[in-house]
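Below, chains carry the letters A, B, ... as their sequence lines are ordered, and counting in each starts from 1. Computed from heavy atoms alone, side chains included, the values below leave out hydrogens, waters and symmetry copies.
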Number of protein chains: 2
Amino acid sequence: MLSIGELSRRTAVKVPTIRYYEQVGLMPAPPRTEGKQRRYGPAEVSRLNFIRHARELGFEVEAIRELLALNENPDQSCAEADRIARRHMIEVERRIEQLTALRTELQRMINECSHGRVGECRVIQALADHDQCAHECH
Amino acid sequence: MLSIGELSRRTAVKVPTIRYYEQVGLMPAPPRTEGKQRRYGPAEVSRLNFIRHARELGFEVEAIRELLALNENPDQSCAEADRIARRHMIEVERRIEQLTALRTELQRMINECSHGRVGECRVIQALADHDQCAHECH
DNA sequence: CTTGAACCTCTAGTCACTAGAGATCGTAGA
DNA sequence: TCTACGATCTCTAGTGACTAGAGGTTCAAG
């Protein structure tokens, strides 16, 4: 059984954040020792790792709640699982598209940077001039 | 001279957000009319567009402050602007990779669903087990 | 000169944490 | 077994980047 500190080390999620996740229902209330300290098993490590990654990917807590629910009863209702999975799939694809466009633009900015003075810096110009291109770009 | 509402329309930045930017020092305090209403010139339109675009690209306010400062003394080297952009791009690429993995997993779930049997749900594993790689990868 | 949309300031709320205070617990070493 | 001290506990408050609302004032069209 892991203390909250060990769980934190294994998942790279800070201790107060773990308690916060418990408070908002993303993590289950774990069993406690005599002295009220939390003790976790290996399932919680996976669950918390999942939450961390999902957060890094920009999913809201509410969306993560759904994904977790999906994971918990996979053969409960296929139709429901399918619906949630599809909805998130669309969201994920939308996000990949946006990020890919963003990467292209950042790449272009960096490539065109002449490594000279700020006066000619494409990174800054690209940001300032963007509304000219905005209509064609997006 | 533009009112705050007109500035808002021209930059697609909401009025309270413009006031917020003034409060945190991203936008300068503009001159006022007799009756204390803000009036802006064309320079503010550019500046605000710059801010908006940078925010859309995911730069933090602090990073934008740096970029604006760089822009203000254009004789300086643009290495710093380049560094900020590069740092940001690495993060964007990391996100794309993770989202792609998640998409694959969601796709697999949807496929299994459509064949009438919900297999084991591996949504959590798709993201949770990535930390094995995390140490070597990053 | 009136009227009503737009403006003003100020406070408080949102989300997802993060930090700190002050008290208690658990375990390694004497 | 006792003690020291790092880890844990709860609770409140602060953060960033806005967003919403109350209640009052200003500007400009009719």
Student: Whole angstroms only, please: what is the CZ-P distance between B:Arg55 and D:dG16?
Tutor: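 That distance rounds to 12 Å.
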
Student: With sequence neighbours left out, what residues match B:Arg55 under salt bridge (charged side-chain N to carboxylate O under 4.0 Å, His left out)?
Tutor: none

Student: Could you tell me which residues satisfy side-chain hydrogen bond (donor to acceptor under 3.5 Å, both in side chains) with B:Gln37, sequence neighbours excluded, listed by chain and number?
Tutor: B:Arg39

Student: The criterion is side-chain hydrogen bond (donor to acceptor under 3.5 Å, both in side chains); which residues satisfy it with B:Arg83, sequence neighbours excluded?
Tutor: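 With neighbours one apart ignored, the set is B:Glu80.
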
Student: Between A:Glu44 (side chain only) and A:Gly41 (backbone N and O only), is there a donor and an acceptor less than 3.5 Å apart?
Tutor: yes

Student: Might you work through the side-chain contact (heavy atoms from CB on, under 4.5 Å) test for B:Leu26 and B:Val61, ending with a clear yes or no?
Tutor: CA-CA 8 Å; B:Leu26 275 192; B:Val61 164; 3.8 Å; yes

Student: In whole Å, what is the span from the CD atom of B:Glu56 to the P atom of D:dA17?
Tutor: 16 Å

Student: From CD of B:Glu6 over to P of D:dT26, roughly how many Å is that when rounded to an integer?
Tutor: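 In whole Å, D:dT26 P and B:Glu6 CD are 20 Å from each other.
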
Student: Which pairs, with at least one residue in residues 13-34 of chain A and sequence neighbours excluded, count as a side-chain hydrogen bond (donor to acceptor under 3.5 Å, both in side chains)?
Tutor: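 Found A:Glu22-A:Arg38.
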
Student: Reckon B:Arg9 touches a base, only the sugar-phosphate, or nothing at all at heavy-atom distances under 4.0 Å?
Tutor: nothing

Student: Can you give the first and last nucleotides of DNA chain C, 5' to 3', that have an atom under 4.0 Å from a heavy atom of chain B?
Tutor: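 So the contact region on DNA chain C extends C:dC7 to C:dT9.
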
Student: So, does A:Arg32 get its side chain near the phosphate of D:dT10, meaning an N or O under 4.0 Å from OP1 or OP2?
Tutor: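 Yes.
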
Student: In residues 16-24 of chain B, which ones come under 4.0 Å of DNA chain C, going by heavy atoms?
Tutor: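 Of all residues in residues 16-24 of chain B, the ones placing a heavy atom under 4.0 Å from DNA chain C are B:Arg19.
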
Student: Under the rule for side-chain hydrogen bond (donor to acceptor under 3.5 Å, both in side chains), what residues qualify as partners of B:Arg65, not counting sequence neighbours?
Tutor: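 Scan of B:Arg65 (side-chain hydrogen bond (donor to acceptor under 3.5 Å, both in side chains), adjacent residues dropped) gives B:Glu62.
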
Student: Only counting residues at least two apart or in another chain, list the ones meeting side-chain hydrogen bond (donor to acceptor under 3.5 Å, both in side chains) with B:Glu6.
Tutor: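 Partners of B:Glu6 under the side-chain hydrogen bond (donor to acceptor under 3.5 Å, both in side chains) test: B:Arg10.
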
Student: Need one value for B:Glu62: base, sugar-phosphate or nothing, where a base atom within 4.0 Å counts as base even if backbone is also close, heavy atoms only.
Tutor: nothing

Student: Salt bridge (charged side-chain N to carboxylate O under 4.0 Å, His left out) with B:Glu66: which residues, sequence neighbours excluded?
Tutor: none

Student: Among residues 34-44 of chain A, which residues get a heavy atom nearer than 4.0 Å to DNA chain D?
Tutor: A:Lys36, A:Gln37, A:Arg38

Student: Side chain of A:Ser8, backbone of A:Ile4: donor and acceptor closer than 3.5 Å?
Tutor: no

Student: About how many Å separate OH of B:Tyr40 and CG of B:Leu2, when rounded to the nearest 0.5 Å?
Tutor: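 So the CG of B:Leu2 and the OH of B:Tyr40 are separated by 10.0 Å.
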
Student: So how far off straight is the helix from C:dC1-D:dG30 to C:dA30-D:dT1, going by the axes through five pairs at either end, to 10°?
Tutor: 10°

Student: For A:Gln107, which residues count as a side chain to side chain contact (heavy atoms under 4.5 Å, CB included) partner, sequence neighbours excluded?
Tutor: A:Asn111, B:Met89

Student: Answer yes or no: does a side-chain N or O of B:Ser3 lie under 4.0 Å from OP1 or OP2 of D:dC27?
Tutor: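 Result: no.
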
Student: Hey, is the main chain of B:Ala12 close enough, under 3.5 Å, to the side chain of B:Arg52 for a donor-acceptor pair?
Tutor: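 Side chain of B:Arg52 to backbone of B:Ala12, a donor-acceptor pair under 3.5 Å: no, none is there.
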
